[in-house]
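This report concerns only the one structure given below.
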Amino acid sequence: MSRRTTLTQYLIEQQREHSNIPGDLRLLIEVVARACKAIAHHVSKGALGDVLGSAGSENVQGEVQKKLDVLSNEILLEANEWGGNLAAMASEELEQIHPIPNRYPKGEYLLLFDPLDGSSNIDVNVSIGTIFSVLRCPDGENPTEQSFLQPGTQQVAAGYAVYGPQTVLVLTTGNGVQSFTLDREVGSWVLTTRNMMIPEDTREYAINASNARHWYPPVTRYVGELLDGKEGPRGADFNMRWTASMVADVNRILIRGGIFLYPADMRDRSRPGRLRLLYEANPMAFIVEQAGGAATTGKTRILDVQPQHLHERVAVFLGSKNEVERVTAYHAQAEE
Ligand code: AFP
């Protein structure tokens, strides 16, 4: 059997080569990866594990929480409280930040996560996942919500797990994007793809087309041209995929290219889209850019956005660089 590189070996190699993964960050990534293994275990039980259906509560987003949302959140909080490497955590499922309990030492990192992304797919056995982002806590601060409000360029690591036919962990620490597949027999994350790269061009797009009547003109123009196919201005036919799990759509784009669009729309002019900046858009944008892709709000680079609130939302256009640049240009032209 050819030599396998585990997640731990990869992180130690990176520390030797780039000195960008000190012990506390390596511990953080390994603990999050171990928590994702625990979440994957519960997800795979389905109806056998009494983890399906609603938890009978709502989260800060006003969304009905699924049992697995609550369980995944608890797994990540409990796994990461004791290590001494975190100053605080933030979760899609928690209105306020989660300080490290006084019984544990604190560290320099901030961990943000969507514990279970794609919850609407849990009960119908479609791929779901966990998304996480790591920041440094500003020096000497007792962490507050303000400590988390840093642009995505400040991330030191980001990743996601996909709980699908394979259980996969995709990670960047700023030196490219690596993919690890869970060897369930041994319980190890095994490096299976080094330096994932997104093709600059694509013939595949991902958008929830049921919202078409609400789109602003630049999105209507962009998608309309894709639908016009060979006879239209693009001179080519395009394919569409939409899984309603961002992790699954982004993972497909990292593997074979594509563009993912979750635009703002006219249903609520005060709401700039559905996806959350700090623990969905920013980690995915970091990963996509590290893989040679692009990620914008339609108007600006996602990683440059200065957050104003912990759970703020943002429009997302990400994936194959030339397509993201095109739809972003259409937004600029509409402003002229
Ligand atoms: P849930 O976690 O509430 O299912 O939302 C998933 C998500 O945030 C993202 O993963 C999907 O791309 C997007 O929402 C799907 O949104 P629509 O249900 O509006 O298509």
Side-chain angles (χ1 to χ4, degrees), residues 36 39 42-43 51-73 75-76 90-95 112-133 158-164 168 170 204-216 219 223 240-254 258-268 271-285 287-288 293 295 297-298 302 310-319 324:
C36 290
I39 295 169
H42 289 288
V43 166
V51 292
L52 301 182
S54 166
S57 51
E58 280 193 357
N59 65 13
V60 61
Q61 328 286 342
E63 296 159 344
V64 173
Q65 288 182 305
K66 303 279 192 174
K67 288 179 185 173
L68 267 175
D69 284 320
V70 175
L71 177 59
S72 303
N73 191 55
I75 288 171
L76 281 160
S91 168
E92 178 191 85
E93 301 301 330
L94 298 175
E95 182 162 6
L112 305 90
F113 49 81
D114 177 358
L116 205 66
D117 174 68
S119 309
S120 58
N121 285 323
I122 293 171
D123 295 350
V124 293
N125 196 23
V126 171
S127 296
I128 49 184
T130 297
I131 309 172
F132 67 93
S133 170
Y160 62 81
V162 182
Y163 312 121
V168 166
V170 171
E204 194 161 71
Y205 68 103
I207 191 167
N208 181 338
S210 69
N211 298 325
R213 64 188 181 285
H214 305 301
W215 295 338
Y216 288 106
V219 176
V223 175
M240 197 198 96
R241 287 284 181 276
W242 185 252
T243 64
S245 283
M246 188 184 195
V247 288
D249 284 321
V250 170
N251 198 56
R252 184 189 58 252
I253 288 168
L254 274 165
I259 179 171
F260 173 97
L261 307 89
Y262 210 109
D265 67 42
M266 293 184 271
R267 283 175 289 183
D268 181 348
R271 187 166 116 151
R274 172 187 174 111
L275 299 173
R276 294 81 170 179
L277 174 61
L278 285 176
Y279 40 80
E280 288 178 326
N282 269 344
M284 290 308 201
I287 290 165
V288 163
T297 65
I302 285 176
L310 192 61
H311 298 291
E312 80 179 64
R313 299 173 192 267
V314 70
V316 176
F317 302 84
L318 63 76
V324 174

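In each ligand, atom 1 is the first atom listed, and ligand 1 is the first ligand listed.
Around ligand 1 you find D117, G118, S119, S120, N208, W242, A244, S245, M246, F260, Y262, R274, L275, R276, E280, each with a heavy-atom distance below 4.0 Å.
With sequence neighbours excluded, no residue forms a side chain to side chain donor-acceptor pair (under 3.5 Å) with T297. In terms of the ring-ring contact (aromatic ring centres under 6.0 Å, His included) criterion, residue partners of H311 (sequence neighbours excluded) are, by chain and number, Y279. With sequence neighbours excluded, the residues satisfying side-chain contact (heavy atoms from CB on, under 4.5 Å) with D268 are S270, R271.
K66 has no carboxylate O lying under 4.0 Å from a charged side-chain N of D69, or vice versa, which leaves the two without a salt bridge.
Counting non-hydrogen atoms of other residues, nucleotides and ligands closer than 6.0 Å to CG of N125 gives a total of 12 or fewer.
Close placement of the F260 and W242 rings is indicated, their centers lying within 6.0 Å of each other.
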